[in-house]
Structures are given as structure tokens and as C-alpha cells.
Number of protein chains: 4
Amino acid sequence: MTEAAGRDATDGATPRQETRSRLPPEARMPQILEAAIEEFAERGYAGARMAAVASRAGIAKGLIYHYFPSKAELFQASIAACARPIFEDAERRLSGFQGSARQLLADLIGLAYARIREEQRERALFRLILTEAERVPALAEFYRREILERALGIAQAVLRAGIASGEFRPAAAALPGLAAVIMAPAVAGSVWQMILGDAAPDLAAMQAAHLDLLLAGLGAGGPAG
Amino acid sequence: MTEAAGRDATDGATPRQETRSRLPPEARMPQILEAAIEEFAERGYAGARMAAVASRAGIAKGLIYHYFPSKAELFQASIAACARPIFEDAERRLSGFQGSARQLLADLIGLAYARIREEQRERALFRLILTEAERVPALAEFYRREILERALGIAQAVLRAGIASGEFRPAAAALPGLAAVIMAPAVAGSVWQMILGDAAPDLAAMQAAHLDLLLAGLGAGGPAG
Amino acid sequence: MTEAAGRDATDGATPRQETRSRLPPEARMPQILEAAIEEFAERGYAGARMAAVASRAGIAKGLIYHYFPSKAELFQASIAACARPIFEDAERRLSGFQGSARQLLADLIGLAYARIREEQRERALFRLILTEAERVPALAEFYRREILERALGIAQAVLRAGIASGEFRPAAAALPGLAAVIMAPAVAGSVWQMILGDAAPDLAAMQAAHLDLLLAGLGAGGPAG
Amino acid sequence: MTEAAGRDATDGATPRQETRSRLPPEARMPQILEAAIEEFAERGYAGARMAAVASRAGIAKGLIYHYFPSKAELFQASIAACARPIFEDAERRLSGFQGSARQLLADLIGLAYARIREEQRERALFRLILTEAERVPALAEFYRREILERALGIAQAVLRAGIASGEFRPAAAALPGLAAVIMAPAVAGSVWQMILGDAAPDLAAMQAAHLDLLLAGLGAGGPAG
DNA sequence: CATGAATGAGGGTTCATTCAT
DNA sequence: TATGAATGAACCCTCATTCAT
């Protein structure tokens, strides 16, 4: 997206300060990774071109190979660079929470939708996972371990808390697929964002309906209770 | 090293001795499209190779170009070939339905999960859409028009029917994001299937929890009511 | 050396019969191998360029890869193509020989120098062996088995025959290094040809001196006898 | 991935704290040449990498260019560095020799085989000459002038001495190729060593047979005498 | 209609060389 | 003097596309 200013146009007017910049590795590597994440996310692994990565990073193609031995390793490193503790926030909020389970649920849903809306980087990671999971099993495993399992764990914890406090109907504990269903709208919402952008279902409306449905569906007066 | 290749084709003198099955376009095109869908779904557009499509179809590379002028057009045609009336079934069931809205909801959810589990072809299409939507706007548009909008329409219809019959709480009508939330677990489920295969959350459990949550959450005694 | 006429010059006068020729594999492969042998022999493995091989063969670069999967395999195949029974001639002559051992020796030496002078292909092979033996152990092994051992065997056979007939002094049998020494001038001669071309020591003069020295040194009246 | 590199050099402010051994050209050049000779001998000119030369020399890539303007010139210099008076020893021994020509011949042959066996550096030079002579005419010329001609001169001198003293048959003088044939086994022996290493014909056995053959073949009672 | 040999435009990668530090 | 980041020109190889047969 940054589309580094091409070097093709010798525009003659500006006095060419296109000099070599010589950054230390600590500065250059993130620059390349950033460019790579963008390129891979937009084009997929096969469609990405090393030249485009270099161009986005504003460097020569060959320089990439001073930092990463191959396209495949650059890809792996790009994934790793995205793989920050995505749910740290949510888990901290969960463990320290004092109020009602209903309030906690509302909080966490708010957090999830906020990330979907705002986190550029995570959207790219999600696209890469969807696109390349079949080709790179490590990606699928990463998604399962770092994203799906942790999100399910959080959902389970909230459910348990709500049942314990009497806010949620006890029968909810008997539904093994419930945690997945609870978090599903956020997943679908981010898929739609990814595919459709502005034409996707409105996230704010989804968030409101999502919370409403959960509160109603989990409430103590539910049908299975 | 000797690669005993070639030469088994028509050699001009002998009047056609073992030409490969000379099929009319009506028979050959689906064969090629089938192969192309598989290849594109497995490798993505950039990763797909025309030679592999030909090989899957059991024909020579060159023959593809008698039916499709380019890889890009073959891709478009592959998409179109998937674009069969995915929701025809559901819409027919919807329009002719006699029973309760709760029963209708259960039926349609059952239908949806069955397709997710079984329809090889649709899974491939979904993968292509996820993978290539950014690069091929027509794909995103196809998804919006043929899949998302129709699914949302069905969900809205069920909601309206349930509200009209008094089965669902009237407040549901005031939540514009509800239709999307209602169908979201099926979308998330198919994404997980795609990424994780057998490691994905169990679809049967999701289906049960999904239905249970909806019935409870939409029921007349809900919170927003 | 053939340096196929480049296709860069659209000369406008000649009606361009630079049409694609479509040879069967049986005809194209030797053509490529021939070109490859030349290129590898002249530049060594690392120095050889696939583009140059293609150019020598008068074909496009990519076509090589229809016949050989990589530069390394093309190299191996080039070696194999040279590896014809180099000493078949000499061994046949040896086994059927009727005259004196001195005459046989003269014959075989004549044969050896004739090959050094004339065999284009063998010179290339020898150069490749010298150049790449360290990098490609199979080359060294090929030289040992197919060239050195067979040549030594022939020399031993002649020695034995001459000793048996009383033409050569019996003490020659007691010198294990003698066979190697006997054939050495031919090897040195071909090395010098390879390095120096016309500036190399004259092969005819060497041949005469070689034979003379052997006849004198192996003769029955020698010092060690 | 972090490549904790660079930065340990002079940074302009602090007055030189841990600059790497700052050597004068007289000390640095041999170090580089030594490394270059190894690398060129092992990989050939095209296969050699400047980075590998630097690494062998324990310096940075760029420093090579302070001493040699290009790879080609480094190669030339490497050759020149090998070009020490290879035959100085032999020529000194020749000019001061007092004993019989037979003894002199034995001495010189012993010297030659000893060098083949022991001189690492000369083996590398010889390999370079064989490998690159066609591409670098100066190499062939160097070989002709500094090695072949001088060796032939020594052989001629010994021959003349032996004929003059009556030890060798006079007819030997009439064979222009004889000097080359006399030295040839040593050349062949070193080629075999180079290609085959331990699988080469035994040098000690060759040396014995070589000397024996020469003494017998050059002796006064020979056939052409 | 059908084949697969043939082409040629890149894409990934290497490496001699330069140059800011 | 010394470093190694940075460049860019090839090089090997792939693959969509063409076309003689």
C-alpha cells in the first residue's frame, strides 16, 4: 500500500537524493517485513514478487537476500512478525474482570469488533492464513493454536462465569459447540470485511445484534433451561 | 534420458489411427472446467499451472486454448461454472414452507451445515473467493450478490415469518445486523473447515449449539423484548 | 563454435525463414547435447550459460528444459554422451593381433596419437574431466574406470606379450609403475594440446621419440636385465 | 534473524577502539592472494566467489578491492604469486652438477616427483592452468614459458650431457620430441594425482619405472644406436 | 479437433562491485 | 584501512501462450 516511489523516472528537476541509506539491520529488517506482509497479503504467496517487496521497501531486489535467504523464508518470517500475542489484551481483561458476566461479554465483543475494524496488520495475517494454510501447514497450526483455541478458551471462560453467577442458563454448559458459535459472528464479520470491504455487512450493526442475540440466547430464561 | 516421447499422434500419411477421444465442445468444456476448478482451488490463481489443468483433464496443454483464450478467462469461466443456484434449494424450501418458523429455521440450518460438510465443489468455490477476491473484483461481487445477499434474504424472511407468527420477539426486527449474525456461524464453520480440516470445531456440535442459541435468543421472552 | 545466427536483427530483406522447426526428440536431444558439450568444454560447468547452449543449438533457452530438467542434469547427460567405448578399437586390435609385440606397441601408440590429434569430442571430454573432476566425483570415477584402467590394461597386455616372446626384457615385469609410464607421454601430449594448442610440443615428434624410447628401454638388452 | 552485525568499526568519534588488525599492504596482500589461490584452485575462475576469498582471508569483502581492482585482476595476481622460480632448484642443481649424467637424471627425476607429491601450491597452480588456460591466454603462455620450456631445457641439457659423456646413445640427439617424452610421465603423474587423488597410479612406482625406462632407453646400447 | 515442441517474458536468486560509515 | 550494507546485472529456471504437424 505504501508503493514506494519508483526509481524509474529520472525526473531531472529534483536533485536526486536517491542516495543509498545504509540502515542497521535492526531498522532494515522490519522495513522489509512490513513490505513483505503487504505484498503477500495482497497477492498471496505465489503471486507475490520479490521485486515488488523490494520496491515497496524502497530497496534493491538483491538486498532482501542479505536478510532472508529465500522467498519461502521471508514468508515464514512475515508470518512470525504478525504473530504477536493477539489475545493478550482479551485474556488480561478476562482474568482481572470484576463485574457481571454479561458486562464481560459485552466488553470482549466490543474488543473483538474493534480489532476487526482497526487492526490493519491482523487483517493481513488473517488473509495470509486463509490463502496459504493449505500450502503451509504451519500456518493452519498457528491459527489453531494461537487464535482459535485461545478465542474458544475465552468464550468458554465467559460461559462458565455466567453460568456460575446464574446469569446464563446452565444448559449452555451441555452444548460443546457453543463456544465456537459464540465467537463465529466476529469471524464471519472479518471474512466479509476481507472479501467485500465497504460492501460487507455493517460491523457496528453486527456487533449490536451479536451481543443482543447472545444475551437473549444465553439468558437464564432460555428454551433449553 | 531418452524420453521416448511424441510420434504417437497422426502422422499425416496413415488416416488417423489412434487420435485421442475427439469430443464435441459440449463434452470437453466441462471436463476442462472441472480440472481448472480443482487446480485453481488448490493452488490459487497465480499458483495454478495450465499444464496441470490439462493434465488433470487428461488432455494436451494446447487444447485448453481451443476452448478458453487465456488463463484469466479460464479462471472466470471456472467461477461461473461453480455459480450454480446455490440457494435454489433453500429458497424453494422457504417459499413452500408450511410449518412453524422454528421448524423452518431448523430445516434451513440443517441444510446449510449439510452443504458445508458435503459439497466439494462449493468448498472449492469458497476457497477461490477468499483467495482471489481482492485480485478479481468480479469474484467479490459474485459472492455478494449470489451468496451473501441471498443468504441474508433467507434469514430475513425467516425472521419476519417468526415475528409475524409470534414465535420470535418483535424487537428482532429492529436489529439490522441480525440476519448476518444468524448466518455467521455457518460461514465461520466453513472457514474453519477450509483452514483446519479435521482439526476444525466439530460441525455437528456447532449446528446443535447454533440452532439452540438462535431459538433461545430469538424466542418471544428475550431481553430486548 | 557453431554460434547460431542470432535472431536479433530483423533485417527486413530476407523473408525470415526463421520459422520454428519442430524436430522429434530423437533429433533435438543430440543437437542440444552437442551444443552443451561444446559450451561446457569451453567454459567449464560454472562458466557455461544455458543461454549459450541454446544459442549454439539454435533454439530458445526454455526448450532445453523440455529435454533436461536442469543444468546439472544436462551436464551429466553431456558426459554420458561422450562416454562411448573409447578403447574398443585398441582392445580389438590387441586381442586379434598376430605379429610381434614391438609391432603391436607401434600400432597402439600410433592409434593413441591419432586419437589425440583428431578426436574433437574426446578432447572436450578430457577437458571436462580435468576441469570438473573435483566437483563431480562421478567424472573422476568415469575417468579411472573407463580410461585409465583400460589403458593400463592394454599396456600391461603388451608388456606381457613382449616379455613372453622374448622381445622385452623380463625385468620389466617387476616394475609395477611401468604401464603408467608407458602410456604417460600420450597423456601429457594431450594435456599440452589442450593447454597450448599449436604451441604444444609437436605430436608427431613425440610419437616418434615415444616409440623409440620404449623400444630401446624395453628391449632385451636393457640395464635392469 | 536478528543478525547482530556491523557497528563494531570506527565510528568517527571514538579514536579507533577495536579496528581489526590494520596491516600494511605488504602483509595484507599475501594473505589475500593465498586465499584467492585456494578458492580459484578449488572452484575454478567462474565458480570462485569473492566473498569466499574474503572469508578465507578473514577479512571483509570490500577490503579485497583496496588491493585488487577486480576479480579478473585478483586472478592474474594469484597466478603471478604462484609463479615463483619453480625450476630454480632444478636449474641450480643442473649447472653445478659434477657426477654422471645418469646420476643427474636420477636426481632431477627425484626432485620432480617430490614436488608433485608435496607442493600444495604448485598443484593449485597446475589446476588453474588446466582449468582456465583456454579462457586466459596469459595462463597458457605462462605455462609454456615458465614451466614447459624450462623443463624441456633441463631435459635437453641432461640429454646433451649424457651424450657428450658417452652415457647416452648419440642417436637420442636426433629425436626432437625426446625431451618432451622424457618429462611426460611426471606431467601425467601430476594430472592423475589431481584428478584421482589416492586412486591415481602410485607415484613412487612410477618414479622407479620412469627412471628405469629412461636409463635403459637412453643407454649407449639402444636400438637406434 | 488434438498434440506437444517451441518460444519468450519474467521471476527467484547470486554475486561482483560500490560506497556510506 | 576496514566494514558490510546496498546495488544491479546476469543467471537459472518456469510457464502462459503459440503453432507446425
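Chain identifiers are assigned alphabetically (A, B, ...) following the order of the sequence lines, protein sequences preceding nucleic acid strands; residue numbering begins at 1 within each chain.
- Taking the salt bridge (Lys or Arg N to Asp or Glu O under 4.0 Å) definition, one finds that D:R49 meets it with nothing, sequence neighbours left out.
- If you find the closest nucleotide of DNA chain F to A:L63 and to C:M50, the one lying nearer the 5' end belongs to A:L63.
- A:M29 has its CE atom 12 Å from the P atom of F:dA5, to the nearest Å.
- Position along DNA chain E of the nearest nucleotide to D:Y65 versus A:R49 favours A:R49 as the more 5'-ward residue.
- B:F68 places its CZ atom 16 Å from the C1' atom of E:dA2, with the value rounded to the nearest Å.
- Partners of C:A72 under the side-chain contact (heavy atoms from CB on, under 4.5 Å) rule, at least two apart in sequence or in another chain, are C:Y45, C:S70.
- Non-hydrogen atoms lying under 4.0 Å from DNA chain E are contributed by D:S70, D:K71, all within residues 69-78 of chain D.
- Residue contacts shown for C:I64 are absent, as no nucleic acid heavy atom lies under 4.0 Å away.
- With a 4.5 Å cut-off on side-chain heavy atoms, B:L74 and B:Y67 do not count as touching.
- For A:Y67, taking side-chain heavy atoms from C-beta onward, the closest of the listed nucleotides F:dA6, E:dT7, F:dT7 is F:dA6.
- Among the atoms of the strands shown, base atoms are found under 4.0 Å from some heavy atom of C:R22.
- Applying the salt bridge (Lys or Arg N to Asp or Glu O under 4.0 Å) test to D:R135 and every residue at least two apart in sequence or in another chain returns D:E132.
- Relative to the side chain of B:R28, the nucleotides E:dA16, E:dG8, E:dA2 differ in distance, and E:dA2 lies closest.
- Partners of D:R127 under the side chain to side chain donor-acceptor pair (under 3.5 Å) rule, at least two apart in sequence or in another chain, are C:E134.
- B:T131 places none of its side-chain heavy atoms less than 4.5 Å from the side chain of A:L130.
- Comparing C:G62 and D:H66 by the nucleotide of DNA chain E that holds the closest heavy atom to each, the one mapping nearer the 5' end is C:G62.
- Screening residues 58-79 of chain D for salt bridge (charged side-chain N to carboxylate O under 4.0 Å, His left out) gives no qualifying pairs among residues at least two apart or on separate chains.
- Whole-Å rounding puts the A:Y45 OH to E:dG11 C1' distance at 12 Å.
- Residue C:L23 contributes atom CG, which lies 10 Å from atom P of F:dT21 at whole-angstrom precision.
- Counting distance only, with no hydrogens placed and no angle test, the side-chain atoms of A:K61 and the base atoms of E:dG10 include no donor-acceptor pair under 3.5 Å.
- B:A48 comes within contact range of the sugar-phosphate backbone alone, with a heavy-atom separation under 4.0 Å but no base atom that close.
- Under the salt bridge (Lys or Arg N to Asp or Glu O under 4.0 Å) criterion, B:R43 pairs with B:E39, not counting sequence neighbours.
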Exercise. So what's the dot-bracket for DNA chain E: Watson-Crick or G-U pairs under 3.5 Å, [ ] if a pair crosses, | if it pairs off-strand?
Worked result: .||||||||||||||||||||
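- In this structure D:Q76 satisfies the side chain to side chain donor-acceptor pair (under 3.5 Å) test with no other residue, sequence neighbours excluded.
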